[in-house]
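Shown next, in structure tokens, is the structure this report addresses.
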Amino acid sequence: MKILKRILAGTLAVVLTFALVGCDSSEEASSKSDEIAVVSTDDIEPIADGEDSTLVWMANYDLNPSTDDGDRTVGLTLFEEKGGSIEYMRVTSSNQFTKLAAAVTAGTDAPDLFAYNTLAFPCQVVQGFYQPLDEVIDFDSDLWSGVKDTADQFMLDGKHYCSPIEYGLTALLYYDKNVIAEEGLDDPIDLYYAGEWDYDAMDDLMSEYVNNAEGDEVRYGINGWYAPQMVAQTGETLVTTEDNITYESNLDSPKIAAVMERLYNWQKNGYVENNWRGTAADAFEQNTLFYSMGTWAAMGDNGPDVQGDWGMVAFPSDPSYEGDKPISSASITSYMWVTGSEKTDAVRCFYECYRIAQTDPTYAATGLEKAMAASPTWTEEDFELMSDLTDPDKVYLLFDPAYGVSSLMGDDFSGFMSGVCLANWLYKSTSVPDEEGNTYTWTQSKEKYSGTVDEEVATINSQIQDFISK
């Protein structure tokens with residue numbers, strides 16, 4: 001298959017994530033996935049005799065399969081073969097950080113590993129939640145060199161705190177190909193491969209679709225989580241830093257302002273359907289042309305049925321962007337080493353097993369088989385697109401430092417606003433009404449929140465100085 005050649009040359013990226021979250025998409029798909037064996041490897045040293053081999057994992061999801069005979073990821077299978085096991089310490093999305101802080105502060109019953117989140121760096125690092133990884137990971141080795149550039153972006157005081165296992169997509173744009181054909185619209189994926197998929201092209205498709213409604217029919221152009229990804233195409237972020245020591249607000253960026261004005265016009269023109277739709281199918285039932293969300297919302301159980309014909313496409317480019325590579329708004333799958341954990345050899349083995357699952361050609365092929373078995377209605381070309389959009393050789397992976405400044409900026413449960421942090425609210429503020437029913441222009445949003453951003457940035461800068469001076 002073509003995709004194997006591309007994947008084996010780089011990173012498997014999001015494909016293994018699909019195998020993890022979508023392996024129960026159907027009885028047939030689950031059965032096929034379970035039958036795909038994972039071969040052993042001599043490239044990873046087993047956990048030394050006498051060492052504690054059980055790692056306590058704190059998160060709102062379990063790394064272990066839901067049943068004893070459930071499908072295991074490649075990384076977990078290898079780790080168990082090397083003598084390791086995972087003990088799950090469950091927390092919820094709303095209490096995970098307070099639980100972690102309490103455990104680290106008490107120095108008892110703390111986990112060994114915690115799921116990476118955008119708040120981890122630098123905010124939680126300078127609070128002492130995590131320890132550096134350089135004792136267990138050599139980022140100059142063949143196994144890790146492919147993600148060293150990213151790991152270096154999460155360095156503080158000369159030490160690495162984040163181990164990128166794989167890259168993922170924060171969201172994609174999904175659409176119903178049958179609707180595109182019935183309306184006589186250009187297929188977005190054809191525009192993408194022709195180099196014609198930009199902001200204006202997407203505007204044109206939404207305008208034509210919405211304005212072609214007849215009678216009492218109501219149509220929408222888009223629903224879901226799209227504002228951060230649209231802004232990312234400018235190459236700009238809400239907060240910037242060049243050295244991870246001094247952070248600065250970037251709310252006055254003219255490029256951000258231009259995109260925010262476009263998003264405001266989408267809302268004003270009636271393109272935006274703001275009610276929560278949990279899957280692509282739910283959005284399509286509301287006559288919505290594009291649904292923007294993470295892969296979980298359109299893969300596995302949430303994918304199209306056998307009669308469905310859905311498409312996916314990257315976010316449209318900014319016509320003014322002049323970079324060498326297209327931009328992809330990225331996420332990282334990683335695992336933070338919690339302060340106080342002394343299971344060095346088991347942690348080393350865990351990281352290596354999960355990383356080799358992404359880099360070894362045999363495991364990449366196995367992961368792809370699992371993913372395609374779990375989501376059989378998506379094509380080889382679709383998986384190839386997802387792989388390309390998370391390959392740092394093909395795209396510039398953009399991460400917004402704003403989410404790591406403070407809980408207020410990066411934790412949706414910080415209490416800033418119901419279910420949304422300040423960074424997320426800034427991105428969506430021109431697209432949806434606030435709790436009082438107000439929708440802001442970008443100028444109004446800046447006037448209301450820029451002072452708060454400045455305060456949060458000043459605080460993290462001070463905390464970083466205290467941290468590195470210790």
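Counting from 1, the numbers follow the sequence of the chain as shown.
Residue Asp243 qualifies as enclosed at atom CG: its count of foreign heavy atoms under 6.0 Å is above 12. Few gaps surround CG on Asn438; more than 12 heavy atoms of other groups in view lie less than 6.0 Å from it. Counting non-hydrogen atoms of other residues, nucleotides and ligands closer than 6.0 Å to CD of Gln444 gives a total above 12. Annotation for Lys325: atom NZ counts as buried by contact number, over 12 foreign heavy atoms lying within 6.0 Å. The local environment of CG in Asn275 is crowded, with over 12 non-hydrogen atoms from other residues, nucleotides or ligands closer than 6.0 Å.
A donor-acceptor contact closer than 3.5 angstrom links the side chains of Ser253 and Glu236. No hydrogens or angles considered: a donor-acceptor pair under 3.5 Å links the side chains of Asn95 and Thr92. Using modelled atom types and a 3.5 Å distance limit, the side chains of Ser429 and Ser445 yield a donor-acceptor pair. Checked by atom type, the side-chain pair Asn274/Asn223 shows no donor-acceptor distance below 3.5 Å. Inspection of the Tyr396 and Asp324 side chains reveals no N or O donor paired with an N or O acceptor under 3.5 Å. With no hydrogens or angles considered, no side-chain donor-acceptor pair links Asp198 and Tyr321 at under 3.5 Å. Gln229 and Thr170 are linked by a side-chain donor-acceptor pair at a separation below 3.5 angstrom, with hydrogens and angles left out of the test.
Not a single donor-acceptor pair under 3.5 Å links the side chain of Asn250 to the backbone N or O of Val239. Between the Asn60 side chain and the Val91 main chain, no donor and acceptor come within less than 3.5 Å of each other. Remark: the backbone N or O of Trp197 is paired with a side-chain donor or acceptor of Ser317 at under 3.5 angstrom. The closest donor-acceptor contact from the side chain of Asp52 to the backbone of Lys343 lies at 3.5 Å or more, if one exists at all.
With contacts defined as side-chain heavy-atom distances shorter than 4.5 Å, the pair Val395/Thr390 does not qualify. Glu261 is not listed as a side-chain neighbour of Trp442, based on a closest heavy-atom distance of 4.5 Å or more. Side-chain contact between Leu397 and Ile327 is absent, with no heavy atoms from C-beta onward closer than 4.5 Å. Looking only at side-chain heavy atoms (C-beta outward), Val338 and Asp112 stay at 4.5 Å or farther from each other. Contact annotation: the side chain of Met409 approaches that of Val453 to within less than 4.5 Å [non-hydrogen atoms, C-beta and beyond]. Inter-residue side-chain proximity for Met386 and Trp378 is flagged as unmet; no heavy-atom pair is nearer than 4.5 Å. Considering only heavy atoms from C-beta on, Leu251 stays 4.5 Å or farther from Ile256 through its side chain. For the pair Ile356 and Leu143, the minimum side-chain heavy-atom distance is below 4.5 Å.
How far CG of Leu389 is from CG of Leu172: 6.5 Å, rounded to the nearest 0.5 Å. Here Lys446 contributes atom NZ and Ser249 contributes atom OG; the two are 9.0 Å apart, rounded to the nearest 0.5 Å. Note that the CD1 atom of Ile165 and the CD atom of Gln358 stand 7.5 Å from one another [nearest 0.5 Å]. Atom CG of residue Leu113 and atom OG of residue Ser341 lie 6.5 Å apart, to the nearest 0.5 angstrom. Ile44 contributes atom CD1, which lies 5.5 Å from atom SG of Cys353 (distance to the nearest 0.5 angstrom). Within the model, atoms CG of Leu408 and CD of Glu455 stand 9.5 Å from one another, a figure rounded to the nearest 0.5 Å.
Between Glu80 and Arg72 a salt bridge is recorded (basic side-chain N to carboxylate O distance below 4.0 Å). With respect to Lys148 and Asp152, a salt bridge is recorded, a charged nitrogen being found less than 4.0 Å from a carboxylate O. Between Lys255 and Asp318, none of the side-chain N atoms (NZ, or NE/NH1/NH2) sits under 4.0 Å from a carboxylate O, so this pair counts as no salt bridge.
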Quiz item: How far apart are the C-alpha atoms of Thr441 and Thr430, what are their side-chain angles, what is the distance that settles it, and do they pass the side chain to side chain contact (heavy atoms under 4.5 Å, CB included) test?
Solution: CA-CA 5 Å; Thr441 65; Thr430 64; 5.8 Å; no
Quiz prompt | From CA spacing to verdict: side-chain hydrogen bond (donor to acceptor under 3.5 Å, both in side chains), Ser406, Glu456 | solution = CA-CA 7 Å; Ser406 68; Glu456 298 299 301; 2.6 Å; yes
Quiz item: Can you list the steps and then say if Tyr427 with Asp400 is a side-chain hydrogen bond (donor to acceptor under 3.5 Å, both in side chains)?
Solution: CA-CA 11 Å; Tyr427 276 120; Asp400 189 346; 2.4 Å; yes
Exercise. Test Lys159 against Asp134 for salt bridge (Lys or Arg N to Asp or Glu O under 4.0 Å), laying out the working first.
Key: CA-CA 7 Å; Lys159 299 173 182 177; Asp134 302 274; over 6 Å; no
Quiz item: Between Phe315 and Val231, is a side chain to side chain contact (heavy atoms under 4.5 Å, CB included) present by the stated rule, with each step listed?
Solution: CA-CA 10 Å; Phe315 283 85; Val231 174; over 6 Å; no
Exercise. Go through Val126 and Phe129 one step at a time and tell me if the side chain to side chain contact (heavy atoms under 4.5 Å, CB included) criterion holds.
Key: CA-CA 8 Å; Val126 299; Phe129 287 11; over 6 Å; no
Practice problem: Let me see the working for Thr279 and Tyr291 under side-chain hydrogen bond (donor to acceptor under 3.5 Å, both in side chains), right down to the final yes or no. | Solution: CA-CA 8 Å; Thr279 67; Tyr291 179 66; over 6 Å; no
Practice problem: Dump the intermediate steps for side chain to side chain contact (heavy atoms under 4.5 Å, CB included) on Leu263 and Met230, then the final yes or no. | Solution: CA-CA 9 Å; Leu263 299 183; Met230 292 291 294; 4.3 Å; yes
Exercise. Check the pair Phe139 / His160 against ring pair (Phe, Tyr, Trp, His ring centres under 6.0 Å), numbers first and verdict last.
Key: CA-CA 9 Å; Phe139 286 103; His160 294 90; 4.5 Å; yes
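Between Tyr351 and Tyr335, the angle of the ring planes lies from 30° to 60°, which puts this pair in the tilted group. Ring geometry for Phe114 against Phe97 counts as tilted: the plane angle lies between 30° and 60°, on a 0 to 90° scale.
Contact record, Val272 with Ser431: CG1-O, 4.2 Å, taken as the closest heavy-atom pair. Here the shortest heavy-atom pairing between Ala346 and Ser53 reads CB-CA, 4.2 Å.
Aromatic rings of Phe154 and Phe121 (six-membered ring for Trp) have centroids within the 6.0 Å cut-off, being under it. Here Tyr161 and Tyr130 keep their ring centres 6.0 angstrom or further from each other. Here the two rings, on Tyr449 and Phe416, have centers that are under 6.0 Å apart.
For the pairing with Trp266, the ring-ring contact (aromatic ring centres under 6.0 Å, His included) check across Tyr199, Tyr226, Phe290 returns one residue only, Tyr226. Exactly one residue among Thr118, Asn117, Asn424 makes a side chain to side chain donor-acceptor pair (under 3.5 Å) with Tyr403. That residue is Asn424. Under the side-chain contact (heavy atoms from CB on, under 4.5 Å) test applied with Thr339, the options Thr105, Val104, Leu100, Val125 reduce to a single match, Val104.
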